[in-house]
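Inspection log for the structure reproduced underneath, given as structure tokens.
All residue numbers in this chain count up from 1 along the given sequence. Predicted, not measured: the structure shown is a model, and the values here were computed from it.
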Amino acid sequence: MWRFLFYLYIFSYGVWFLWTAPWFWDTRQCWYNYPYQPLTLALYYYYIQELAFYWSLMFSQFTDIKRKDFLIMFVHHLATVGLISFSYVNNMVRVGTLVMCLHDASDFLLEAAKMANYAKYQRLCDGFFMMFGLMFVTTRLVVYPTWILNTTMFESWELIGPYPSWWLFNGLLLILQVLHVIWSYLIMRIAYRSLTKGKVGDV
């Protein structure tokens with residue numbers, strides 16, 4: 001429940017914040033006048049909340065129920081904390097907000113599916129999980145590479161050139177993309193099992 005509430009809140013906050021941000025509508029704005037871009041209070045709060053949350057997930061993972069994707073999740077949390085911290089220190093916060101909001105778009109649906117599963121509402125669980133799967137695959141395998149990786153790898157190169165941290169930053173983003181592919185496969189396998197057996201398994 002607490003994860004569901006946080007993901008729903010932080011996604012809503014991200015959409016509210018980005019709706020009026022020029023780089024949400026034109027990703028090239030992420031690199032204009034870089035690195036001399038102002039850090040507003042709303043942007044600062046967005047970053048601090050996300051960073052604190054993922055630090056908490058990294059530590060709580062060791063006391064939580066051990067799941068099949070424990071190692072993948074640990075790598076994900078490490079990469080996420082590294083990316084958030086690295087982008088903040090290097091003032092890549094504009095593109096950082098896009099990455100965070102995109103990743104938060106589907107997570108609250110997974111937590112809703114988990115709650116329905118634990119409450120024994122199987123049809124509701126299946127419905128939430130199918131919506132989560134559709135949103136996850138769309139945002140991570142379609143929007144992420146065409147929107148995020150396009151601007152970090154190509155638009156940034158064109159506008160400001162290959163700066164020293166460019167390689168590390170994009171390397172971390174590419175690690176995330178590999179994890180997206182692995183998770184999408186696992187999600188589609190669970191969805192297929194749900195369609196054939198009529199029940200979502202361990203979510």
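One hydrophobic cluster holds both W25 and L159 under the rule that ILVMFWY side chains link at heavy-atom gaps under 4.5 Å. Residues L102 and F154 share a single hydrophobic cluster, defined by chaining ILVMFWY side chains whose heavy atoms lie under 4.5 Å apart. Linking Ile, Leu, Val, Met, Phe, Trp and Tyr whenever their side-chain heavy atoms come within less than 4.5 Å leaves L134 and Y7 in two separate clusters. Residues M1 and F132 share a single hydrophobic cluster, defined by chaining ILVMFWY side chains whose heavy atoms lie under 4.5 Å apart. Cluster annotation: F59 and L83 are assigned to the same hydrophobic cluster (Ile/Leu/Val/Met/Phe/Trp/Tyr, side-chain heavy-atom contacts under 4.5 Å, transitive).
Inter-residue side-chain proximity for I48 and Y44 is flagged as met; some heavy-atom pair is nearer than 4.5 Å. The shortest distance between side-chain heavy atoms of Q49 and Y9 falls below 4.5 Å. Counting only heavy atoms from C-beta outward, the side chains of Y46 and V93 never approach each other to under 4.5 Å. Between H77 and S56 there is no side-chain heavy-atom pair separated by less than 4.5 Å. Counting only heavy atoms from C-beta outward, the side chains of T151 and W31 approach each other to under 4.5 Å. The shortest distance between side-chain heavy atoms of L51 and Y88 does not fall below 4.5 Å. Side-chain contact between L57 and Y54: present, with at least one pair of heavy atoms (C-beta onward) separated by less than 4.5 Å.
Every side chain to side chain contact (heavy atoms under 4.5 Å, CB included) that W157 has, sequence neighbours left out, goes to P162, W166, W167. With sequence neighbours excluded, the residues forming a side chain to side chain contact (heavy atoms under 4.5 Å, CB included) with L78 are M58, F74, listed by chain and number. Taking the salt bridge (Lys or Arg N to Asp or Glu O under 4.0 Å) definition, one finds that D107 meets it with R140, sequence neighbours left out. Considering only residues two or more places apart in sequence or on other chains, P145 meets the side chain to side chain contact (heavy atoms under 4.5 Å, CB included) condition with L149, Q177.
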N/O donor to acceptor pairs below 3.5 angstrom from side-chain atoms of residues 32-43, sequence neighbours left out:
unit_1: N33; atom_1: ND2; unit_2: Y36; atom_2: O; d: 2.7
unit_1: Y34; atom_1: OH; unit_2: N90; atom_2: O; d: 2.6
unit_1: Q37; atom_1: NE2; unit_2: C30; atom_2: O; d: 3.0
unit_1: Q37; atom_1: NE2; unit_2: Y32; atom_2: O; d: 2.9
unit_1: T40; atom_1: OG1; unit_2: L43; atom_2: N; d: 3.3

Which atom pairs, donor and acceptor, lie under 3.5 Å between side-chain atoms of residues 178-191 and protein residues at least two apart or in another chain?
unit_1: H180; atom_1: ND1; unit_2: L176; atom_2: O; d: 3.4
unit_1: H180; atom_1: NE2; unit_2: H103; atom_2: NE2; d: 2.9
unit_1: S184; atom_1: OG; unit_2: H180; atom_2: O; d: 2.8

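Centroid-to-centroid, the aromatic rings of W2 and F6 stay 6.0 Å apart or farther.
Environment of OH in Y163: crowded, with over 12 heavy atoms of neighbouring residues, nucleotides or ligands closer than 6.0 Å. Counting non-hydrogen atoms of other residues, nucleotides and ligands closer than 6.0 Å to CH2 of W19 gives a total of 12 or fewer. Within a 6.0 Å radius of CZ in F62, more than 12 heavy atoms belonging to other residues, nucleotides or ligands are found.
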For this session: Tell me, with the steps shown, if F136 and L141 meet side chain to side chain contact (heavy atoms under 4.5 Å, CB included).
Result: CA-CA 8 Å; F136 186 96; L141 297 188; over 6 Å; no
Exercise. For F129 and L109, what are the C-alpha separation, side-chain angles and deciding distance, and is it a side chain to side chain contact (heavy atoms under 4.5 Å, CB included)?
Worked result: CA-CA 7 Å; F129 188 80; L109 292 170; over 6 Å; no
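Side-chain contact, Y47 with S87: a donor N or O sits under 3.5 Å from an acceptor N or O.
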